[in-house]
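In what follows, chains carry the letters A, B, and so on, assigned in the order in which the sequence lines appear, proteins first and then strands, with residues in each chain numbered from 1. Treat the numbers as computed from the prediction; the structure is a model and nothing was measured.
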2 protein chains.
Amino acid sequence: MVQCINAPLDRTFAALSDATRRGIIEQLARADASITSLADHFQMTLTGMKKHVQVLERAGLVITQKVGRVRTCTLGTRSLSAEAEWIEAYRMLFEARFEALDEIISEMTQEENDGAAGH
Amino acid sequence: MVQCINAPLDRTFAALSDATRRGIIEQLARADASITSLADHFQMTLTGMKKHVQVLERAGLVITQKVGRVRTCTLGTRSLSAEAEWIEAYRMLFEARFEALDEIISEMTQEENDGAAGH
DNA sequence: GATACACTGAACCATATGGTTCAGTGTCTA
DNA sequence: TAGACACTGAACCATATGGTTCAGTGTATC
């Protein structure tokens with residue numbers, strides 16, 4: 001196996017693959033919130049919301065703390081740097097391919113011009 | 001519902017949440033490959049590999065073309081810009097929170113200093 | 001102390017995911 | 001034309017996901 005098995009990356013991308021969870025993150029970026037208020041906002045049962053929050057928590061994107069009977073959700077301490085890095089690396093590869101293509105094209109153009117000069 | 005339902009974002013993040021699929025992308029960044037060669041590289045059945053490639057294809061990350069009996073997989077035309085933007089927006093929110101925290105802390109320090117000066 | 005509130009856990013359901021095997025179909029190649 | 005090769009599709013399996021209901025447990029509040 002060549003590919004690196006990176007469970008945190010797995011979990012984070014999986015956590016981000018759901019619109020509700022991305023919405024929760026956007027919501028928490030504005031202000032901390034309880035499970036109840038989030039469930040209310042996303043029109044979902046408490047239990048359903050708790051599951052989403054757990055997924056986000058496992059991915060390190062959200063931190064929760066229970067005080068009294070209220071569990072407050074806060075944006076986590078991770079800045080998604082590993083994920084940003086992966087995507088950035090991909091984009092660089094992607095750009096590199098186009099640059100390579102550009103090179104090939106310019107080489108071809110060069111050859112064409114040389115060929116034209118030769119005639 | 002406030003959150004934006006963004007199916008492409010869903011599909012891309014879901015596609016990236018699997019280490020094998022990230023490996024396939026890395027592999028295709030080096031060179032185009034057939035289903036067979038990918039299946040071989042990742043020690044998986046052809047059928048299994050085809051499913052992974054289909055997931056990547058649906059997410060627009062990979063393009064495939066069948067010539068003769070060989071289906072060749074190429075890196076897609078998408079540069080993951082929407083995904084990079086989402087993550088960047090998140091990181092800005094994240095940083096903003098720390099800046100706000102910094103402000104609060106500096107305000108607190110200011111007050112402390114003022115208090116010390118008052119004594 | 002009764003009642004309402006906020007969450008929790010178990011159980012259930014439908015569907016998706018990640019993999020397999022097996023039986024084709026179509027394409028090279030000797 | 002026979003055989004090998006590359007893929008495809010259906011069927012199956014175990015597990016995960018995204019949701020629900022229902023029955024608690026613990027905490028505020030009147």
Side-chain angles (χ1 to χ4, degrees), chain A residues 1-25 27-28 31-59 61-74, chain B residues 1-25 27-28 31-59 61-74:
Chain A
M1 289 288 192
V2 173
Q3 93 271 23
C4 71
I5 288 154
N6 192 324
L9 218 51
D10 278 28
R11 274 198 292 269
T12 312
F13 280 133
L16 294 180
S17 73
D18 184 277
T20 301
R21 285 195 291 266
R22 289 195 303 274
I24 293 169
I25 288 177
Q27 214 54 32
L28 293 182
D32 293 357
S34 66
I35 304 280
T36 298
S37 67
L38 287 172
D40 205 46
H41 186 265
F42 291 96
Q43 293 181 305
M44 192 177 292
T45 57
L46 276 176
T47 313
M49 179 51 65
K50 186 155 187 280
K51 284 191 181 181
H52 277 304
V53 168
Q54 273 174 342
V55 170
L56 289 167
E57 205 171 4
R58 261 183 264 134
L61 297 172
V62 162
I63 293 170
T64 74
Q65 197 186 6
K66 193 162 184 180
V67 175
R69 63 185 172 179
V70 178
R71 178 173 295 278
T72 302
C73 308
T74 315
Chain B
M1 288 290 193
V2 173
Q3 93 271 22
C4 71
I5 289 154
N6 193 325
L9 218 52
D10 278 29
R11 276 198 291 271
T12 312
F13 280 133
L16 294 180
S17 72
D18 184 278
T20 301
R21 284 194 293 265
R22 289 196 303 276
I24 292 169
I25 288 178
Q27 214 54 32
L28 292 184
D32 293 357
S34 66
I35 304 278
T36 298
S37 67
L38 288 172
D40 204 46
H41 187 263
F42 291 97
Q43 293 179 307
M44 192 178 295
T45 57
L46 277 176
T47 313
M49 180 50 68
K50 184 154 187 279
K51 284 192 181 183
H52 278 305
V53 168
Q54 272 173 342
V55 170
L56 289 167
E57 206 170 6
R58 260 184 264 134
L61 297 172
V62 162
I63 293 171
T64 74
Q65 197 186 5
K66 193 161 183 178
V67 175
R69 62 186 172 179
V70 178
R71 179 172 295 279
T72 303
C73 308
T74 315

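- Of the listed nucleotides (dT8(C), dG19(C), dG18(D)), dG19(C) has the atom at the smallest distance from the side chain of His52(B).
- Listed candidates were dG18(C), dT20(D), dT21(C). Nearest to the side chain of Met44(A) is dT20(D).
- We find that CD of Gln43(B) is positioned 14 Å from C1' of dG19(C), with the value rounded to whole Å.
- Here dA11(D) presents its P atom at 16 Å from NZ of Lys50(B), a figure rounded to the nearest Å.
- Every salt bridge (charged side-chain N to carboxylate O under 4.0 Å, His left out) that Asp32(B) has, sequence neighbours left out, goes to Arg97(A).
- In this structure, Arg58(B) and Arg11(B) approach most closely via the heavy-atom pair O-NE, 3.5 Å.
- Rounded to whole Å, the distance from CE on Met49(A) to P on dT21(D) is 15 Å.
- Mapping Ser37(B) and Lys51(A) onto DNA chain D by nearest heavy atom places Ser37(B) closer to the 5' end of the strand.
- The side chain to side chain contact (heavy atoms under 4.5 Å, CB included) search around Glu57(A) returns Thr64(A), not counting sequence neighbours.
- Atom C1' of nucleotide dT8(D) and atom CG of Leu38(B) are separated by 16 Å, given to the nearest angstrom.
- Residue Lys66(A) has no polar side-chain atom (N or O) positioned under 4.0 Å from OP1 or OP2 of dG26(D).
- Between Arg58(A) atom CZ and dA16(D) atom C1' the separation is 10 Å, expressed in whole Å.
- Between Arg71(A) and dT8(C) there is a side-chain N or O to OP1 or OP2 distance below 4.0 Å.
- Ile35(A) comes within contact range of the sugar-phosphate backbone alone, with a heavy-atom separation under 4.0 Å but no base atom that close.
- The CZ atom of Arg22(B) sits 11 Å away from the P atom of dG18(C) (whole-angstrom rounding).
- Residues Arg22(B) and Leu9(A) come closest through the heavy atom pair NE-CD2, 3.6 Å.
- Here the closest heavy-atom approach between residue Ile35(A) and residue Cys73(A) is recorded as CD1-SG, 3.9 Å.
- Looking only at distances, a side-chain donor or acceptor of Arg21(B) sits under 3.5 Å from a matching main-chain atom of Ala14(B).
- Taking atom CG on Leu46(B) and atom P on dG9(D), their separation rounds to 13 Å, with Å as the unit.
- Under 4.0 angstrom from either OP1 or OP2 of dA6(D) there lies no side-chain N or O belonging to Ser34(B).
- In this structure, Arg11(B) atom CZ and dA16(C) atom P are separated by 13 Å, rounded to whole Å.
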Review item, nucleotides 23-30 of chain C N/O atoms under 3.5 Å of protein N/O:
residue	atom	partner	partner atom	Å
dT27(C)	O2	Arg69(B)	NH1	3.2

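- Using a 4.5 Å cut-off on side-chain heavy atoms (C-beta onward), Gln65(B) and Thr74(B) make no contact.
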